[in-house]
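We use all heavy atoms of the structure for the numbers below, so side chains are in, but hydrogens, waters and symmetry mates are not. In this text, all values refer to a predicted model and were calculated from it rather than measured experimentally. Letters go in sequence order (proteins before strands), and every chain restarts at 1.
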Protein chains: 2
Amino acid sequence: MSPAAARQRIVDTAYQLFARRGIRDVGVNELISSAGVAKATFYRHFASKDELVLAFLEQRDRVWTVDLIVADARGRAGTPTEQLLAIFDVFGDWFRRDDFEACSFINILLEMGANHPLGRASIDYLAKIRGHVQQLAEEAGLRDAEDFSRSWHILMKGSIISATEGDLDASKRAQRMARMLIEDYRPRP
Amino acid sequence: MSPAAARQRIVDTAYQLFARRGIRDVGVNELISSAGVAKATFYRHFASKDELVLAFLEQRDRVWTVDLIVADARGRAGTPTEQLLAIFDVFGDWFRRDDFEACSFINILLEMGANHPLGRASIDYLAKIRGHVQQLAEEAGLRDAEDFSRSWHILMKGSIISATEGDLDASKRAQRMARMLIEDYRPRP
DNA sequence: CAAAGGGCAGACAGACTTGTCTGTCTGAGA
DNA sequence: TCTCAGACAGACAAGTCTGTCTGCCCTTTG
């Protein structure tokens with residue numbers, strides 16, 4: 001096995017387990033067992049469990065935020081405005097997946113608290129998500145893109161919680177409010 | 001000490017600790033130590049820690065949902081429509097309290113998962129919150145009050161997460177969208 | 001061919017967890 | 001005064017957690 005293979009296997013396994021079940025519910029023993037890795041190997045690559053969680057958050061940003069949500073939404077529509085709204089179409093499909101596991105950044109933020117290093121890291125990644133929305137808003141020529149993105153993000157996060165409760169149509173509801181929000185932020189003549 | 005005093009002290013202490021730090025982070029030993037209660041006394045009143053959590057959720061519904069949010073919002077305004085919007089004024093004050101601890105129902109739902117008994121109980125209490133909103137929507141004469149309350153709840157939950165991230169103006173943003181939502185659900189002639 | 005290094009398996013330490021159980025003390029009522 | 005319920009204190013069991021350390025094996029490289 002290549003030297004980097006073990007590390008990658010650890011991160012990949014962590015992605016599966018942490019995303020679905022949270023941080024505290026997954027112990028190091030279960031993790032290394034699932035990854036087929038010795039404990040010494042794990043601690044050779046990561047100084048602590050928390051450091052692995054940081055690596056997981058980074059992976060989550062790449063795989064979920066960027067590839068799964070933003071790229072998909074951009075590919076589904078032509079204009080930036082339509083791309084913004086397409087976020088909630090992507091959410092609709094995502095909510096219905098049987099491996100839907102909510103937003104790890106929100107989960108970890110609430111699980112660890114806003115003062116914990118992992119909570120703070122989650123806040124940073126949530127801000128990155130808002131950055132993508134802000135970018136689209138600027139492309140769409142909306143007013144006050146930063147402000148807009150904060151309101152938009154409220155809709156995203158709220159609909160995710162509702163979906164966790166079982167409301168699979170939460171994406172439709174959020175999208176309807178999102179349309180109104182776009183109208184509200186259109187440039188005034 | 002009266003026989004009920006010990007139980008009440010346990011529940012009161014649990015409220016303080018669970019609301020602020022979540023379930024998993026508070027052990028039974030710390031809890032009984034804080035409450036000044038013997039372990040045997042604790043297990044005389046509660047069959048397990050989970051059963052105490054259920055009692056906490058019930059208390060949270062009474063103290064927080066009903067007394068702190070709904071009653072306050074109703075008292076702040078005259079018409080049902082204004083009372084609805086006042087929810088976010090209450091949120092604005094709540095977000096700024098130094099003991100702001102987010103929504104325990106959301107926290108526990110995400111912490112334990114939607115399939116866990118405590119997660120399911122949290123879902124039920126969240127539904128109760130929607131019920132209050134629905135009641136107000138009906139008093140305001142809005143169309144489709146149940147649907148309306150689901151969208152409204154998205155704004156409430158999303159703004160709470162944003163406040164946890166540090167955006168203290170999330171209540172204002174949510175309120176602005178809430179106004180648009182009310183317009184959208186006004187009875188059509 | 002030999003040495004070195006990385007990975008695997010798992011024992012181990014020490015600190016936690018929930019929950020049980022034993023014993024002591026206090027206060028109320030007969 | 002005697003009794004008894006209930007509270008307190010704390011040892012204890014059984015299992016969890018993270019993190020360290022010791023061997024053994026395999027592969028790669030000098």
Side-chain angles (χ1 to χ4, degrees), chain A residues 1-57 104 107-108 110-113 115-119 121, chain B residues 1-57 104 107-108 110-113 115-119 121:
Chain A
M1 299 229 182
S2 95
R7 188 183 204 277
Q8 196 55 45
R9 237 181 314 152
I10 293 171
V11 173
D12 290 345
T13 306
Y15 188 93
Q16 303 295 328
L17 296 179
F18 286 160
R20 206 152 326 201
R21 288 168 38 201
I23 304 304
R24 282 178 145 94
D25 198 41
V26 180
V28 173
N29 285 328
E30 178 188 357
L31 192 126
I32 61 174
S33 169
S34 293
V37 149
K39 197 173 266 196
T41 307
F42 172 83
Y43 281 101
R44 188 192 314 280
H45 289 290
F46 300 96
S48 66
K49 183 186 175 184
D50 278 10
E51 202 168 280
L52 171 65
V53 177
L54 287 175
F56 157 69
L57 288 174
S104 296
N107 292 349
I108 293 180
L110 296 185
E111 192 174 352
M112 313 303 286
N115 294 322
H116 192 283
L118 296 178
Chain B
M1 298 227 183
S2 95
R7 188 184 205 277
Q8 196 54 44
R9 238 181 315 152
I10 292 170
V11 173
D12 289 345
T13 306
Y15 188 94
Q16 303 296 329
L17 296 178
F18 286 160
R20 206 152 326 202
R21 289 169 36 202
I23 305 303
R24 281 176 145 95
D25 198 41
V26 179
V28 173
N29 285 329
E30 178 187 358
L31 192 126
I32 61 173
S33 169
S34 293
V37 149
K39 197 173 265 196
T41 306
F42 173 84
Y43 281 102
R44 187 192 314 282
H45 289 290
F46 301 95
S48 66
K49 181 186 175 185
D50 279 10
E51 201 168 280
L52 171 65
V53 177
L54 287 175
F56 157 69
L57 289 174
S104 295
N107 292 349
I108 294 180
L110 296 185
E111 192 174 353
M112 312 304 284
N115 293 323
H116 191 283
L118 296 178

Would you jot down, in residue-number order, the residues of residues 48-57 of chain B having a non-hydrogen atom under 4.0 Å from DNA chain C?
B/Ser48, B/Lys49
Ignoring backbone atoms, establish whether B/His45 has a side-chain N or O less than 4.0 Å from OP1 or OP2 of D/dG6.
no
Under 4.0 Å from OP1 or OP2 of D/dG6: is there any side-chain N or O of B/Arg44 that close?
no
Of the non-hydrogen atoms in [X] and [Y], which two are nearest, and what is the gap between them?
X: B/His116; Y: B/Asp50; answer: CE1-OD2, 3.6 Å
X: B/Leu54; Y: B/Ala121; answer: CD2-CB, 3.8 Å
X: B/Arg9; Y: B/Thr13; answer: O-OG1, 2.7 Å
X: A/Glu30; Y: A/Asp25; answer: OE1-O, 4.2 Å
X: B/Phe46; Y: B/Glu51; answer: CA-OE2, 3.9 Å
X: B/Val26; Y: B/Phe18; answer: CB-CE2, 3.7 Å

So, using side-chain contact (heavy atoms from CB on, under 4.5 Å) as the criterion, who are the partners of B/Tyr15 when residues are at least two apart?
B/Phe56, B/Gln59, B/Arg60, B/Val63, B/Trp64
Please report the distance, rounded to the nearest Å, between [atom1] in [X] and [atom2] in [N].
X: A/Tyr43; N: C/dC12; atom1: OH; atom2: P; result: 19 Å
X: A/Gln8; N: C/dG7; atom1: CD; atom2: C1'; result: 17 Å
X: B/Phe42; N: C/dG19; atom1: CZ; atom2: P; result: 7 Å
X: A/Ile32; N: D/dC21; atom1: CD1; atom2: C1'; result: 14 Å
X: A/Ile10; N: C/dG6; atom1: CD1; atom2: C1'; result: 12 Å

Near DNA chain D, which residues from residues 14-31 of chain B have a heavy atom under 4.0 Å away?
none
Would you tell me whether B/Asp12 and B/Gln8 have side-chain atoms, one donor and one acceptor, within less than 3.5 Å of each other?
yes
Roughly how far apart are B/Ile10 CD1 and B/His45 NE2, rounded to 0.5 Å?
5.5 Å
Kindly say whether, by distance alone, the side chain of A/Lys39 makes a donor-acceptor pair under 3.5 Å with the base of D/dG19?
yes
